[in-house]
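One-based numbering along the sequence shown.
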Amino acid sequence: MSFLRRFEAAVEKGVQGTFAKVFRSSLKPVDITSAVRKAMEQDVQEFSRDHVVAPNHFTVRVSNTDFKSLQEIGLDVLSAEIEATATRYAAENDYSLLGPVSVDFELGADELTGHLEVDTQLERGAVAPATSQVASEYHPIIDIDGQRWLLTEPVTVIGRGTDADITIADAGISRKHLELRKTPDGVIATDLGSTNGLYVEGHKVDAATLVDGNQLVIGRTRILFWTSESE
């Protein structure tokens, strides 16, 4: 390529870059998903070679124009999809999480359409997606219809309501249906006065101390309980 052609190509590239900034297209869900993954990757904290903790709360700031467009899609739906993708990304990279992944949207200071900023934060929750972790007596893991959760706090409440630590979309489950409490003698599962009760290994119980491999049923949902790597 001649010097003149290279110069023309450079000018053309520069002009295109300028116009891309001024006339930037609106954000698409894939743009936000990519930005959240990148933010997770950049802000991981390495505590040891085998223990890398990634941020699990993301605040996405966008322009007013993009915010209105995203509202039309549905911010709740969009957040849920990005949260699921980010959780899978953490699992694929063996990142530990301190709590469920959550994504919030806010108006940013920059009014440039197509521009976004992502802030990250480590947020501890009563449960965390079991990504790189294996079950232990100190950190049991439960499997709810294929989704694995690490019990990180002394008490975990499971139910249909949004105020539960783990929310399950099952009409047969009460708003606060089941409590899992870690004690020195093991994890105790307690029915919280639900309509359809708690079943452990096929038996309806008010409360039971769980052992490795137990199966619990609430509503139409099966929950598996593990305290060892044999899972």
| query | For Ile218 and Leu216, what are the C-alpha separation, side-chain angles and deciding distance, and is it a side chain to side chain contact (heavy atoms under 4.5 Å, CB included)? | reply | CA-CA 7 Å; Ile218 55 176; Leu216 298 75; 5.7 Å; no

4.5 Å side-chain heavy-atom contact, [X] and [Y]:
X      : Y      : result
Thr227 : Val187 : no
His177 : Asp191 : yes
His57  : Ser102 : yes
Ile142 : Ile158 : yes
Leu210 : Leu180 : yes
Val127 : Leu151 : yes
Phe105 : Ile32  : yes
His139 : Ile141 : no

| Passing candidate, side-chain contact (heavy atoms from CB on, under 4.5 Å) with Gln215, options Leu224, Ile223, Val200 |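 Running side-chain contact (heavy atoms from CB on, under 4.5 Å) over Leu224, Ile223, Val200 with Gln215 returns exactly one hit, Leu224.
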
| request: Check step by step if side chain to side chain contact (heavy atoms under 4.5 Å, CB included) holds for Leu98 and Thr152. | output: CA-CA 8 Å; Leu98 298 183; Thr152 59; over 6 Å; no

Taking [Y]'s backbone N and O only, do any of them form a donor-acceptor pair with [X]'s side chain (distance below 3.5 Å, no angle check)?
X      : Y      : answer
Arg61  : Glu117 : no
Asp165 : Val157 : yes
Asp170 : Thr221 : yes
Asn196 : Gly172 : yes
Glu83  : Val103 : yes
Asp66  : Gly114 : yes
Asp143 : Arg148 : no
Arg160 : Ile173 : yes
Thr190 : Ala207 : no
Ser69  : Thr65  : yes

Does atom [atom1] of [X] have more than 12 heavy-atom neighbours, drawn from other residues, nucleotides or ligands, at distances under 6.0 Å?
X      : atom1 : result
Arg222 : CZ    : no
Glu137 : CD    : no
Asp76  : CG    : no
Asp206 : CG    : no
Lys176 : NZ    : no
Phe47  : CZ    : yes

What is the distance from atom [atom1] of [X] to atom [atom2] of [Y], rounded to the nearest 0.5 Å?
X      : Y      : atom1 : atom2 : result
Thr33  : Arg37  : OG1   : CZ    : 6.5 Å
Leu150 : Tyr138 : CG    : OH    : 10.5 Å
Leu27  : Leu116 : CG    : CG    : 5.5 Å
Ile82  : Tyr89  : CD1   : OH    : 15.0 Å
Glu46  : Tyr95  : CD    : OH    : 9.5 Å
Glu92  : Thr87  : CD    : OG1   : 11.0 Å

Quick check: closest heavy atoms across [X] and [Y], and the distance to 0.1 Å?
X      : Y      : value
Phe225 : Pro140 : CE1-CB, 3.6 Å
Ile73  : Pro29  : CD1-CG, 4.1 Å
Thr183 : Gly186 : OG1-O, 2.6 Å
Pro55  : Thr120 : CB-CB, 3.7 Å
Gly159 : Ala164 : N-CB, 3.6 Å
Gly99  : Ala128 : N-CB, 3.6 Å

| Given the rule in the side chain to side chain contact (heavy atoms under 4.5 Å, CB included) test, do Trp226 and Asp212 qualify, once you have shown the distances and angles that lead to the verdict? | CA-CA 5 Å; Trp226 304 100; Asp212 188 38; 3.7 Å; yes

| request: Step by step, work out the side chain to side chain contact (heavy atoms under 4.5 Å, CB included) result for Leu122 and Val53. | output: CA-CA 9 Å; Leu122 294 173; Val53 177; 3.8 Å; yes

Same cluster for [X] and [Y] if Ile/Leu/Val/Met/Phe/Trp/Tyr side chains link at under 4.5 Å?
X      : Y      : result
Phe67  : Phe58  : yes
Leu192 : Ile166 : no
Leu107 : Leu78  : yes

| Among all residues two or more places apart in sequence or in another chain, which pass the side chain to side chain contact (heavy atoms under 4.5 Å, CB included) test with Ala86? |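 Counting only residues at least two positions away or on another chain, Ala86 forms a side chain to side chain contact (heavy atoms under 4.5 Å, CB included) with Val36, Met40, Val101.
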
